[in-house]
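Proteins get letters first, then strands, A, B, ... in listed order; numbering begins at 1 in each.
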Amino acid sequence: MQSPAGSTPDPVRTVALKRVTIVGEAVLEKRLVALVRDAGAKGFTRLACSGEGSRGVRASDWEGANVKLETLVSAEVANVILATLARDYFEHFAVVAYVDEVHVVRGDKYV
Amino acid sequence: MDSLDLVRLNLASPMVLGFVLGIVATLLKSELKLPEALHSGLSSYLLLAIGLKGGGELAKAPLDELSGPLLATLAIGVTSPIWCFAALRTFGKLGVVDAAAIAAHYGSVSVVTFTACGTFLDGAQVGYEGFMSALVAFLEVPAIVVAILLARRASTSAAPWGETLREVLGGKSNLLLCGGVAIGALAGPSLEQVKPFFVDPFKGVLTLFLIDMGALAARRLSDLRAAGGFLAGFALVMPLVNGAIGAMLGEFAGLSLGGTTIFATMVASASYIAAPVAVRIALPEANPALYLTSSLAITFPFNLTVGIPVYHAIARWLHA
């Protein structure tokens, strides 16, 4: 909504959260979604994507190349996600994960 | 028609030429790749169409004509991964998990190679049993399960059995093939309704799909070095061995000349749709560069161009 001329809108309240981004081979899609949900994330965004890295080879062109999941979570949940990824997937699969700090509007929804 | 004519006939089919176009385009660094969603959609179409056709014919075939080929299919599906595994371990000195992963691919079947064999026989005007497409559905899964069993003792990271079986049986390709067979068998004569979509455009779709497969296979060629000389040799010799065994078994099971050719081709082919996905999940430590390069970049083009006419020649010799 346009603010009335001459006045600035009130500052929007945001909440500091972690954004966990996981990029992994597409055959893992169902498993990664389950991992994120089981860790306690309330939701996620999923994208099909492609790229290159140290492993290169994908098991299946039929399942697609890579999948990217983004989820907004608390620091604790982010840690659970990363620890589980490290335990179950880093050794044998092409998976990249990173966390950054974001300021989320209506952030209470995600914790 | 002599054997050389048959090779020429095979190489000059639109499907094989399409495949070559895909390879050439990739070698010229041209972006011929179909969008991912279309590739996946076309494979779904082909798998379902094959299943429907097989199911329709399965319902019509008398049981005594069917039982021999069906038993032969199951027998070869269970045993061929074992000798592939043994060959890879003995002659190639591969590790247990990698050998089993490759054996899963060579024991399973390539649906596209099977289909190309059917169009080759159509071109050569050799008839074959319509229920062969249903047998493909029965050949796809057993070898993958047997090979994973072989690897599990040695694997440190194998997925739990329940998950593995779900992956193999519930995989898209198996569901579409077996689902197609079931629909075809149940629908019987009313399959006529979907014929304009699933039968008439089939070879056109196959040609388009093979252009894409050519591009995919050629891109794998860069992994050849990782696969190594032994595996390149294996990927050429194993299909011939399996094809000869398949031809003998098909003949023994009472198939016609065309049916024997198709059966030999099925046994000689290596999976690159169902097996890689199942193996990636079930045996994560197996190296995909080994099993995919050998099945997709070497065996598949070999069978498509040279293998099929050779298996036909073997079948003719046995049949005479």
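Looking at A/K30 and B/E163, no side-chain N of the basic residue comes within less than 4.0 Å of a carboxylate O on the acidic one, giving no salt bridge.
Summarising the geometry of B/I281 relative to A/V27, their closest heavy-atom pair is CD1-O, 3.8 Å, with the distance given to 0.1 Å.
With values rounded to the nearest 0.5 angstrom, B/L283 atom CG is found 10.5 Å from A/H92 atom NE2.
Within the structure, salt bridge (Lys or Arg N to Asp or Glu O under 4.0 Å) contacts touching residues 99-110 of chain B (residues at least two apart or in different chains) do not occur.
Every residue meeting the ring-ring contact (aromatic ring centres under 6.0 Å, His included) condition with B/F198, not counting sequence neighbours, appears here in chain and number order: B/Y45.
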